[in-house]
Asker: 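Below you'll find the structure I mean.
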Amino acid sequence: MPALANPRHEAFAQAIFAGLTGRTRIERAQSTAYLEAYPSCSPGPAAWTNASRLLRRAKVWERIGELQAEANKRLEPKLDLSRERIGRRLDLASKLAERQENAANIVAAELGIAKVFHRIDAPDPNHIDFKSAQSMQDIGRKLLQSVGFKEPDDVSIAAAIEANDTFIDRLKAISEAAQGHTLDQDD
């Protein structure tokens, strides 16, 4: 809401708002605000009555509320969410926890620091995911990479596939033997 159209009403609203922080009862009085806006009015009952009447006007009351809201916005400190501030606070928490010999809080603070300054939830670049394999070539390549062979060639991949097939055949034989052994015991 912009300033009131009537300059005296605006002056009264401003004076009421300014009087809210007055140190004395006189400074906070509605009649004092009225006399600032209407200096020709005589102090006393006339100023009290007219101030009361003016305060009943919705627009004047809304303007005073708006002035208070604007002042509150200016007084609110801006929230500092910078990484540096958070890091300083977490470092302080870690030091306090260390002085108190509180291991759980030390760990919590240090993990907080790690989360703010390092991506600890980032995927491990050395992790080999077999779920993404689309072919036996991919499986052979990933098997060799899992034992440190960074860039396997086609011949090595073919040998890894053959070793994997032999391994799977051996696992099947173990499974069949165990199931056959179980069936023999059931008879």
Asker: Quick one: pull up CD in Q68 and CD in E66 and give me the separation to the nearest 0.5 Å.
Answerer: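 Between atom CD of Q68 and atom CD of E66 there are 11.0 Å.
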Asker: Can you name the residues that form a side-chain contact (heavy atoms from CB on, under 4.5 Å) with Q14, not counting sequence neighbours?
Answerer: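 Expected list: E10, R63, L67.
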Asker: Do F149 and I139 belong together in a cluster built from hydrophobic side chains that touch within less than 4.5 Å?
Answerer: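 Shared cluster, yes.
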Asker: NZ of K59 to CG of N6: how many Å apart, nearest 0.5 Å?
Answerer: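 Rounded to the nearest 0.5 Å, the NZ-CG separation comes out at 11.0 Å.
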Asker: Just distance, no hydrogens or angles: give the donor-acceptor pairs under 3.5 Å from side chains in residues 154-174, sequence neighbours left out.
Answerer:
{"residue": "S156", "atom": "OG", "partner": "D153", "partner atom": "OD1", "Å": "3.1"}
{"residue": "S156", "atom": "OG", "partner": "D153", "partner atom": "OD2", "Å": "3.2"}
{"residue": "T166", "atom": "OG1", "partner": "E162", "partner atom": "O", "Å": "3.0"}

Asker: Hey, does the side chain of S52 reach the backbone of W48 with a donor-acceptor pair shorter than 3.5 angstrom?
Answerer: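 Flag not set: sc S52 to bb W48 has no pair under 3.5 Å.
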Asker: Quick check: is F117 connected to I86 through a chain of hydrophobic side chains (ILVMFWY, heavy atoms under 4.5 Å apart)?
Answerer: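 Linked within one cluster.
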Asker: Other than I106, what residues sit in its cluster of Ile, Leu, Val, Met, Phe, Trp and Tyr side chains whose heavy atoms are under 4.5 Å apart, directly or through others?
Answerer: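 Its cluster partners, ordered by chain and number, are none at all.
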Asker: Please find the pair of heavy atoms, one from A47 and one from P43, that lie closest to each other, and give the distance.
Answerer: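 The pair with the smallest heavy-atom distance is CB-CA, 4.3 Å.
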Asker: What distance do K115 atom NZ and L90 atom CG have between them, rounded to the nearest 0.5 Å?
Answerer: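 Answer for the NZ-CG pair, K115 versus L90, is 10.5 Å.
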Asker: Do N50 and Y38 have side chains that approach each other closer than 4.5 Å (heavy atoms only, starting at C-beta)?
Answerer: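 Side-chain contact under 4.5 Å: no.
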Asker: Rounded to the nearest 0.5 Å, what separation is found between the CD1 atom of I16 and the CD atom of Q30?
Answerer: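 Going from the CD1 atom of I16 to the CD atom of Q30 covers 5.5 Å.
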Asker: Would you mind listing every salt bridge (Lys or Arg N to Asp or Glu O under 4.0 Å) that reaches into residues 34-57, with sequence neighbours excluded?
Answerer: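 Counting only pairs at least two positions apart or across chains, no salt bridge (Lys or Arg N to Asp or Glu O under 4.0 Å) contact touches residues 34-57.
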Asker: Tell me the salt bridge (Lys or Arg N to Asp or Glu O under 4.0 Å) pairs involving residues 131-148, sequence neighbours left out?
Answerer: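 Checked against salt bridge (Lys or Arg N to Asp or Glu O under 4.0 Å) - neighbours excluded - the pairs reaching residues 131-148 are D138-R141.
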Asker: Does any non-hydrogen side-chain atom of F12 lie less than 4.5 Å from one of L55?
Answerer: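 Sidechains of F12 and L55: in contact.
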Asker: Among all residues two or more places apart in sequence or in another chain, which pass the side-chain contact (heavy atoms from CB on, under 4.5 Å) test with V107?
Answerer: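 Applying side-chain contact (heavy atoms from CB on, under 4.5 Å) to V107 gives L111.
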Asker: Drop me the distance from I64's CD1 to E62's CD, to the nearest 0.5 angstrom.
Answerer: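 Here the rounded value is 10.5 Å.
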Asker: What verdict does the side chain to side chain contact (heavy atoms under 4.5 Å, CB included) test give for F130 and L143, after you've listed the backbone C-alpha separation in whole Å, the side-chain angles of each residue and the deciding distance to 0.1 Å?
Answerer: CA-CA 9 Å; F130 283 90; L143 284 169; 3.9 Å; yes
